[in-house]
Amino acid sequence: MIKFNVAEINLCTEAEGPYKRLTIWFQGCMIHCAGCGNPTFQALEPNHLMTIDELTSVIVMAKDKFDIEGVTYTGGEPTLQQGLPQLTECIHQMGLGVISFTGRRYEEVQDELYGCDMVLDGPFLINQKEERRRLLGSTNQRIICLSDRYADQMHWFSSGKKLTEINLTDTAVFNGDST
Ligand code: SF4
């Protein structure tokens, strides 16, 4: 059975893309950007191992409780997770959108990111720091719309809107194996 290696989940935030979103930080990244903002999520070792059913039930809870519009995948490197397109399909079946980060070029990981509505791609380059666009770390990173869902939300990345976040503890969220 496929298990997703999850480092952290935030059930509702306005800081990880347009609208209110649940955000999943996946564990593991082999890109090792200098200045990575989440170095503890780079280790390729099990963290919270969750089945697709466990993850989708957390997303359903967030939808019911916070009326989230979608889910953001970040990390870590989301494309290392087997079964990501199946998870994306389950999220779409709930009527929610999906935005994913990747430190790779989108062209290299189209299969893994199949079904995503938007992809933010490319490694973090510390000498090309992004000063203008929200959410992106460096100017080489691209915002790629793969559906119409967020096509009219590009202004979000350049707006200074006040952000709110609801952080929940690990024990409130994780039901999967933790090693
Ligand atoms: S791709 Fe992202 S998680 Fe991976 S090292 Fe670079 S900044 Fe960190």
Side-chain angles (χ1 to χ4, degrees), residues 2-19 21-50 52 55 58-59 70-88 91 97-146 150 153-154 156-158 163 165 167-170 173-174 176-179:
I2 292 173
K3 292 210 173 184
F4 293 86
N5 194 2
V6 176
E8 201 168 301
I9 294 176
N10 186 325
L11 292 185
C12 182
T13 174
E14 293 183 313
E16 300 294 339
Y19 310 114
R21 321 190 64 75
L22 178 144
T23 298
I24 305 170
W25 283 264
F26 290 107
Q27 178 71 43
C29 182
M30 63 308 159
I31 300 175
H32 301 303
C33 307
C36 169
N38 294 320
T40 57
F41 298 165
Q42 289 186 25
L44 295 167
E45 59 190 29
N47 198 335
H48 301 279
L49 300 180
M50 299 180 73
I52 197 163
L55 263 179
V58 170
I59 296 166
V71 174
T72 297
Y73 303 151
T74 184
E77 173 53 45
T79 65
L80 292 183
Q81 303 300 314
Q82 287 184 27
L84 204 62
Q86 290 96 313
L87 178 62
T88 301
I91 294 168
V98 177
I99 296 174
S100 184
F101 279 91
T102 176
R104 294 156 148 172
R105 294 275 295 178
Y106 170 66
E107 289 79 0
E108 300 164 17
V109 283
Q110 291 184 52
D111 291 347
E112 291 86 342
L113 296 173
Y114 180 79
C116 290
D117 297 290
M118 174 180 275
V119 168
L120 311 174
D121 84 338
F124 171 60
L125 301 179
I126 198 167
N127 59 349
Q128 295 182 28
K129 272 199 177 167
E130 178 62 68
E131 307 286 353
R132 194 172 50 83
R133 297 175 300 171
R134 196 201 294 185
L135 202 54
L136 296 165
S138 52
T139 56
N140 62 300
Q141 294 171 325
R142 299 178 297 176
I143 302 170
I144 304 170
C145 285
L146 298 171
Y150 300 112
Q153 290 297 314
M154 299 304 283
W156 183 90
F157 292 89
S158 55
L163 305 175
E165 292 198 47
N167 291 294
L168 297 188
T169 63
D170 287 2
V173 170
F174 293 109
D177 299 340
S178 180
T179 54

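Order of listing sets the numbers, starting from 1, for every ligand and every atom in it. Both backbone and side-chain heavy atoms feed into the values below; hydrogens, waters and symmetry mates do not.
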For Gly103, take its heavy atoms, then give the atoms of ligand 1 lying under 4.0 Å from any of them.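 Result: 1 (S).
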Which atoms from ligand 1 have a heavy atom of Cys33 less than 4.0 Å away? 1 (S), 5 (S), 6 (Fe), 7 (S)
Is any side-chain N of the basic residue among Glu107 and Arg142 closer than 4.0 Å to the acidic one's carboxylate O?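 Salt bridge flag = yes for Arg142 with Glu107.
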Short check: any N/O/S atom of Cys29 below 2.8 Å from atom 4 (Fe) of ligand 1? yes
Suppose we measure from atom 8 (Fe) of ligand 1 to each protein heavy atom; which comes out shortest, and what is that distance? Cys36 SG, 2.3 Å
Report yes if the side chains of Asn10 and Trp25 come closer than 4.5 Å at any heavy-atom pair, otherwise no.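 Side chain of Asn10 against side chain of Trp25, heavy atoms only: contact under 4.5 Å found.
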Can you tell if the side chain of Tyr150 reaches within under 4.5 Å of the side chain of Ile143, non-hydrogen atoms only? no
Please indicate whether Gln128 has more than 12 foreign heavy atoms, meaning atoms of other residues, nucleotides or ligands, lying under 6.0 Å from its CD. yes
Can you name the one residue among Ile31, Thr74, Val109 that meets side-chain contact (heavy atoms from CB on, under 4.5 Å) with Thr102?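 Only one of Ile31, Thr74, Val109 forms a side-chain contact (heavy atoms from CB on, under 4.5 Å) with Thr102, namely Val109.
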With heavy atoms and a 4.0 Å threshold, my read on which part of His32 contacts ligand 1 is backbone
Gly76 touching ligand 1 at heavy-atom level, < 4.0 angstrom: yes
